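One structure is given below, represented as structure tokens, and several questions about it will come after.
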Amino acid sequence: MTTKRDVMAMLSELITLTALDEGSPQSFKVRAYEKASLGLESDGRDITTLKLSELTGISGVGKATASKVRELVESGTVEKLEKLRAKYPPEFVELSRIPGLGPKTLKLVRSELGIENVEQLTEAIAAEKLRTLPGLGATSEAKIAKAVQRLGLTGKDRRTPIADALPLAERLVADLEALPETVEVQFCGSLRRMSETIGDIDITVSSLEPSVVMDFVVQHSEVADLVVNGETKTSFLTRAGLQVDVRVVSPDQFGAAILYFTGSKVHNIALRQRAIDRKMLLNEYGLMDASNEDLEASERPVIASKTEAEIYAALELEFIPAPLREATGEVEAAGGDGLGELIQRSHIRGDLHYHTDQSGDGRSTVAEMIAEAAALGYEYLAITDHGVDLAINGSTAEEMLEHRDRIAEIAVDYPDMTVLWGCELNIGPDGGLDYDDEFRALFDYTVASVHSHFDQSIPKQTDRLIAAIADPTVNSIGHLTGRYIGRRPGIEIDYDAVLEALAHYDVALEVNGALQRLDAASDVVRKAVERQVKLVINTDSHHTSELGRMEYGVLTAQRGWAPKDLVVNTRDRASFMEWANHRKSRLS
DNA sequence: GCCGTTTTCGGCCCGACTGTTTTCAGTCG
């Protein structure tokens with residue numbers, strides 16, 4: 001059976017192979033496929049069941065692409081793709097993953113030197129044959145040789161988990177901020193959009209002295225290898241092979257620059273198109289008046305460039321937060337009905353997944369953890385140490401009762417914050433939970449999560465979660481899939497069924513702010529929002545240093561278009577407690 | 001390949017850096 005994923009994979013391959021065939025990634029045909037692919041991806045329906053006329057109704061999808069989708073669904077193959085596959089076998093396509101080797105050069109080395117794979121390319125480089133080709137010289141040959149060596153380490157497809165990239169980016173930003181010549185700094189790209197994995201780190205600096213900034217970057221201790229070093233742009237590789245691009249712009253163009261470098265590419269294209277429609281020109285330096293066609297590009301009057309907000313406003317758009325900039329309807333919404341009141345960090349009034357050293361993996365005391373939460377001004381806090389089923393980390397019923405007393409003793413010193421005695425329940429392989437029903441009902445608040453048995457079938461995992469959701473002692477589901485981004489996939493579930501259950505039992509779906517998790521993922525959050533499933537954004541802190549994760553959880557929720565009013569920990573204390581307690585009324 | 005009250009052909013987002021040129025092509029984001 002053909003799935004949506006199969007359709008997307010078919011188009012992705014078609015894009016790669018057509019770029020090779022056309023000899024340009026900018027080919028209009030390639031861009032048309034890309035646009036169609038985006039349209040299909042963001043369509044909420046099951047695209048494999050759509051008729052031809054329904055498919056062509058999707059933005060960017062024309063007759064040709066629609067026919068290919070139908071062809072794949074009906075026959076399992078696409079003739080056009082098969083022909084391209086025959087022309088460009090996988091080992092040749094692999095060459096296109098080498099940075100610096102574009103379609104034009106590939107075509108050249110294939111036709112002139114008969115190179116079909118990485119091995120033959122390596123031989124040709126060793127024999128100094130590449131430098132004999134028109135447009136290539138010894139320098140290009142050496143550059144490609146180096147890129148071949150790094151293949152697999154820094155290939156175009158390499159992605160780094162956000163948990164590895166964000167701390168490095170924050171460190172680099174702090175170092176650049178400390179430079180006296182720096183006015184402003186912002187990391188951009190997929191990192192700012194809170195993608196789960198990122199290709200490289202983009203940093204934009206505003207300064208009146210770009211050469212000082214560039215020199216500083218070149219000298220930085222993180223630089224293992226320089227890739228590009230110009231007057232306003234320097235790219236380098238870290239020892240871990242992660243590429244960092246640093247650009248310098250003048251302070252009055254900072255907004256336009258970070259808008260541009262944050263992307264996404266398709267979001268930028270949508271903004272540019274909107275600019276053109278209004279007789280304006282948008283580039284990385286600003287939004288310009290293009291109504292007078294006699295003026296040189298540099299003479300066009302600047303309409304907005306200092307801040308992103310001014311540019312969005314001049315384009316008659318509500319400000320679009322970076323995590324939403326994926327061209328999945330945000331430009332249309334911002335220019336029409338609006339984005340609604342999206343969740344912000346400042347809305348959060350409490351953390352509801354929070355460990356102390358009562359958990360085997362907790363590292364700060366109850367007093368320390370409560371003090372940190374109070375310092376953030378939280379109105380309520382749920383201390384949710386592990387239940388007994390998580391053998392090494394959990395506590396017995398007796399230990400939990402002693403823990404309750406200890407929490408209560410310390411909480412009296414914080415009259416402005418309600419400290420709840422909670423528990424992170426473990427969802428067993430069949431959906432069973434810790435302790436007995438009566439004991440679980442004693443907790444003020446619970447979060448139930450999966451910590452093991454990751455490889456059961458989809459129906460089994462789905463039933464497992466729904467059993468936990470249906471339990472009246474459960475307030476929320478923690479880190480939905482249990483994934484560690486880039487390291488371990490989470491459990492596979494039927495999202496529709498699970499979200500349906502969450503909505504039905506009024507159980508909140510957690511957005512876990514730990515960078516390794518960011519679970520539920522933003523696309524799942526968006527589905528949850530469509531179904532009006534309640535959300536809760538938590539840090540899952542195990543140490544006093546981890547409370548800052550709330551920001552990442554909020555950004556992930558934003559990326560899923562979460563409105564403030566669906567997030568239960570934005571409620572005032574009374575309203576939150578009313579919601580938290582109402583499930584237990586089913587028990588009596 | 002897609003699209004359209006300046007429609008059915010002729011457009012399609014824009015610029016930096018590099019290496020190879022001696023005014024530009026290729027690649028990348």
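What you see is a predicted model, and the numbers here were worked out from it, not measured in a lab. Computation of the quantities below employed the complete heavy-atom set of this structure, encompassing side-chain atoms and omitting hydrogens, waters and symmetry-equivalent molecules.
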| query | Base, sugar-phosphate alone, or nothing: which one does A:V30 contact when heavy atoms must sit under 4.0 Å apart? | reply | nothing
| message | Does A:N229 reach a base, just sugar-phosphate, or nothing at all? Heavy atoms under 4.0 Å. | response | sugar-phosphate
| remark: Among B:dT27, B:dC14, B:dA16, the one nearest any side-chain atom of A:K233 is B:dA16
| Has the side chain of A:S207 got a donor or acceptor atom that lies under 3.5 Å from a matching backbone atom of A:E181? | yes
| message | Restricting to side chain to side chain donor-acceptor pair (under 3.5 Å), what partner residues turn up for A:E330, sequence neighbours left out? | response | A:H267
| field | Under-4.0 Å side-chain N/O to phosphate OP1/OP2 contact, A:Y260 with B:dA16 | value | no
| query | Mind checking who B:dG1 pairs with, Watson-Crick or G-U wobble, both distances under 3.5 Å? | reply | B:dC12
| message | Heavy atoms only, 4.0 Å cut-off, all strands: where does A:Y285 land among base, sugar-phosphate and nothing? | response | sugar-phosphate
| Any side-chain N or O of A:S27 less than 4.0 Å from the OP1 or OP2 oxygen of B:dG1? | no
| Hey, does A:L271 reach any base, or is it just sugar-phosphate, or nothing, if we go heavy atoms under 4.0 Å? | nothing
| Sequence-aligned protein contact record of nucleotides 6-12 of chain B, with B where the base is within under 4.0 Å of a protein heavy atom and S where only the sugar-phosphate is | ------B
| message | OP1 or OP2 of B:dG1 versus the side-chain N and O atoms of A:T18: is any pair under 4.0 Å? | response | no
| query | Under 4.0 angstrom, heavy atoms only, what part of the nucleic acid is A:K63 near: base, sugar-phosphate, or nothing? | reply | sugar-phosphate
| request: Could you please name the option among B:dC14, B:dG1, B:dG29 that lies closest to any side-chain atom of A:L281? | output: B:dC14
| Base, sugar-phosphate alone, or nothing: which one does A:A66 contact when heavy atoms must sit under 4.0 Å apart? | nothing
| What is the nucleic acid contact for A:T232, judged by heavy atoms within less than 4.0 Å: base, sugar-phosphate only, or nothing? | sugar-phosphate
| said: I want to verify a distance call: between B:dC17, B:dT20, B:dG1, whose nearest atom is closest to the A:S140 side chain? | reply: B:dT20
| said: Does a side-chain N or O of A:T139 approach OP1 or OP2 of B:dT18 to a distance below 4.0 Å, or not? | reply: no
| request: May I ask you to say what A:P134 touches in the nucleic acid, namely base, sugar-phosphate or nothing, with a heavy-atom cut-off under 4.0 Å? | output: nothing
| query | Taking the side chain of A:D202 as heavy atoms from C-beta outward, which of B:dG1, B:dG19, B:dG29 is closest to it? | reply | B:dG29
